[in-house]
Structures are given as C-alpha cells and as structure tokens.
2 protein chains.
Amino acid sequence: MRVSAADRREQLIAAAWRVMTREGVAATTTRRIVDEAGMPLGAFHYCFRSKDELVQELIRRNVAEELAAARAGLVPGADVRQALQGSLSALWAKLCADRDRQLVINELTALSLRDPTMTALPEWKYEQYLAGVAEFLTAIAEGSTVTWDLPVPVAARLLLAVLVGSVDIWMVTGDRAAGLRTLEVFSGQLALMCQATDESAPEQMKVETR
Amino acid sequence: MRVSAADRREQLIAAAWRVMTREGVAATTTRRIVDEAGMPLGAFHYCFRSKDELVQELIRRNVAEELAAARAGLVPGADVRQALQGSLSALWAKLCADRDRQLVINELTALSLRDPTMTALPEWKYEQYLAGVAEFLTAIAEGSTVTWDLPVPVAARLLLAVLVGSVDIWMVTGDRAAGLRTLEVFSGQLALMCQATDESAPEQMKVETR
DNA sequence: AAGAGTCTTGGTCAAATGACCAACTTGTGT
DNA sequence: ACACAAGTTGGTCATTTGACCAAGACTCTT
C-alpha cells in the first residue's frame, strides 16, 4: 500500500509522541519511532530531513494544543471568585489527567532551552500564555463590572506562576488534591484584589487595602 | 602523583557539574567528565561502578545544597510583609544568579522522574521545601504576634508554587524584574491573610473575610 | 506501453558511548 | 628488601544511534 510522504509525517509524529509519553524523550530514537509506527527504518529519512525536524514539528504542534486547551478552559462568569475558581479547577483537572504528557512537556522544554535555534518556541508559548491569562482577567473584570487593583499583566504573571508551579510540584509529589486546594485558595485571594467599578463617577471609591 | 579514590570521586563530581552547567546533562558523557577533570578515561570506572552512580551522588549533593541555600535565605522579621518580601527577593536574587544551574536542576529532575529508582530524591526535596516554608511562615507569625487565616501547610504550598513557577517562567523569558515584581505582589497579598493574635482572650476577633 | 515522478526497503556506515580489563606503577608495612 | 594493597593507564569491545543510499516497485500521465 502506498502512502503519501505527508501522511507518513503525521503518522511518525503521532508515533513519536506515543513513544515519548511512554518511555521518555531520551529513549525516543528513530528506530523506536518507526517501530511504533510499523514502518521500515528507511521511511524516516524519506519523510524527515533529520530527527530534529520531526522533534521541532512535534513541539510546535504540542505547544499549539496546550494553548488551545488552556484558552478553552478559561471561561469568565458573573462572579469574579466563581469565574476564577471554576476555570482554574477545570484547567487543573485537564492538566492532571495526563501526567506523562506533563513529563514530556518538561523534557521538551529543557531540550529547547539548550538549543539556541529552538528557544523561540517556549518563549512564544509563555508570551501566549501571559496574553491569554491577561485577556481572561480583563474579561472577568468587565463581566463583573469590577476593576483590578493591580496591573493586569502583573496579575496574569502571578496567576501563571501559581499554575505552572502547582503542576511542577504535582508532577513530583502526585498530590492532586493539594494542588487543587492551592488553586482554590489563590482564587479567593486574587478575587479580593478588585473593586466595584463606579461607572457614573470616574472617581474611584477609596478602599482600605491594608 | 597518587590520589585516593575518594578524592578523585570529589573531583569527578565537581567536573561533571561544570560540564552539565556548561553543555547540558545530555552532553555530559564519561569522556567529557574525565577530560574536564584532567584524568585518563580509566579513572572513571575505578572510582565509580557506573555513570549512574556518579549522577545519583551528584543529585543528592545538589539537592542538599539547594535546600541549605533556600533555608538560609528565609529569615523572619518584625513585620509580616517585610519578612516575606525581604526573604523572597533575597532568595530570588540568589536563584537568578545562575541560570545554567536552574537549567541543570530541571534536567536532572526530569531524569529522576523517569527512573523509578530515583524518584525518591525530588520527592524528598519538595517535602523538605514544604516543611521549610511552613516553618518559615510559622516563625513569621510568632515573631509578629499574628495568626494565619489559612492552614500553614496550604499557605506554604501556595508560596512554593509561586516561587517554583516564577523560576520556571524566568528561565524561559529571562525577565528577572517581572519575576521579582510577581514575588513582591504575592508577598503583599499573603501578608493580608493573617490577623493580630489576641493573647489575653483566646477568642479570636471576628473579621469579615468575604 | 513508456516514462517520469513518487514511494519503499533493507542494508550499511561512521561516530559516540558505557563498560571492562590486563599490565604496570607506586607506596607501605613488616 | 619483599610482598601486598592501592592506584594508574591506554586500549578494546559491544551496542546504540542518526544518517545515507542504491535498487527496486508502484502509479499516473501522455
């Protein structure tokens, strides 16, 4: 049966991802990949100039998937606290659903940071994350007619740090419930950092913040 | 000149660490290590049963160093906010001082999580971190005669997540100032989560927490 | 049916790597 | 001085890995 090179590329990328999640990035050799895909070894370099080319393409898609999933999980609501807590716990469930995936993401990021030609990918990823979270926070504020006490980009970075750090800790300890608790507590904390917007009078109400 | 096997072990571990920071964990082969240490190849397996033995010993020491440095940086003070902000910014400066070190730590953790015989090390590390941060928070509360509004272990996990996440983001984006800002904002936020302890009357003051 | 372009396949190569070893040297205690 | 333990060294081996290639097979157009 004949298959187009483009189709084989897809199959090889999918097979490589499976091997990576199952056995780790370091163990993902060209031979293991073609084995997993059920192809002869020669097929690999017919479809890809090099192993690096496959890996980079794989990373590119994975980052895009990650971002899409995260964005889909962040939905604003009427109440600030509800929106934060609901979105974060939904996102948490999604992240915890596949530990191997998170392990691979970590390994690939570490790899990218060592190769000067690939550092742009994780950089772009975090830029997108920060922009997405900022957008989310802005939408929440608008939906609930409140104003954030601190600059949105700063709040976004803090929220992203909590999220990334929680995943990191969970990957090692495996304590999913504790991570969820962390996010809930943080949601409550962040929800306090805004005030009702007074639309009629541009002067903001003075509120004791300490 | 004759050198004891124990001394050579030290030298090899030190050389391996230098190679790892400079060229990455993956590029740290036995030959690169002995080269860096200025020894003949044969010396390696005279001092270590295997490369794994060296790596595990290296990780063990590195984790111990990390913990010691972190504990040294966390010093309680009179004011809750001051203590948090001061300690975290000092710690931040220490962490940001050596990016390559953080890269290696990440790579080694990723490695440990794939090897069932090594997962105990990062687990122990985070346990120690959590215990250390909890101790720090308790000391702050006692020093300032305040009581935390939330369980100390929960607060500790949140603080650790913020720290770990900030390092993660900084490693990729390189924006040290933004990370510092994140920690400062979080310090202010966390400092609000406690109330003055009323020692004469065990009954705590009722405060609206929303 | 002829031919060109695309795909298929197993074999092969050079480099790198962890591990091992046998012969040799040095120091030390008796 | 002798012997025994400890340290030193360069060479060698089997395996793994990414890459390459030449010869053949299939398919579509003309």
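Just so it is clear: chains get the letters A, B, ... in the order the sequence lines come, proteins before strands, and each one is counted from 1.
Of the candidates D:dG10, D:dG7, D:dT17, D:dT17 carries the atom nearest the A:Thr29 side chain, counting heavy atoms from C-beta on.
As judged by a 4.0 angstrom heavy-atom cut-off over every strand, A:Ala43 is placed among the base-contacting residues.
B:Arg8 has its CZ atom 6 Å from the P atom of D:dT9, to the nearest Å. Straight-line distance from the CZ atom of A:Arg31 to the P atom of D:dC20: 13 Å, rounded to whole Å. Nucleotide D:dA6 holds its P atom 16 Å from the CZ atom of B:Arg9, rounded to whole Å. Between the CG atom of A:Leu41 and the C1' atom of C:dT9 there is a distance of 10 Å, given to the nearest Å. Taking atom OH of A:Tyr46 as the reference point, atom P of C:dT6 lies 7 Å away to the nearest angstrom. The distance from atom CZ of A:Arg2 to atom P of D:dG24 is 17 Å, rounded to the nearest whole Å. In this structure, the CG atom of B:Leu12 is 13 Å from the P atom of C:dG18, given to the nearest Å. Atom CZ in B:Phe44 sits roughly 17 Å away from atom P in D:dG10 (whole-Å rounding).
Open room surrounds CZ on B:Arg181; 12 or fewer heavy atoms of other groups in view lie less than 6.0 Å from it.
Listed for the A:Ser144 side chain is no donor-acceptor partner under 3.5 Å among the backbone atoms of A:Val146. A:Thr21 contributes a side-chain N or O that, together with a main-chain N or O of A:Arg18, makes up a donor-acceptor pair within less than 3.5 Å.
Heavy-atom distances to DNA chain D give each of A:His45 and B:Met39 a nearest nucleotide, and the one nearer the 5′ end belongs to B:Met39.
A donor and an acceptor atom, one from each side chain of B:Thr197 and B:Thr145, are nowhere located under 3.5 Å apart.
Of the side-chain N and O atoms in B:Thr30, none sit less than 4.0 angstrom from OP1 or OP2 of C:dT17.
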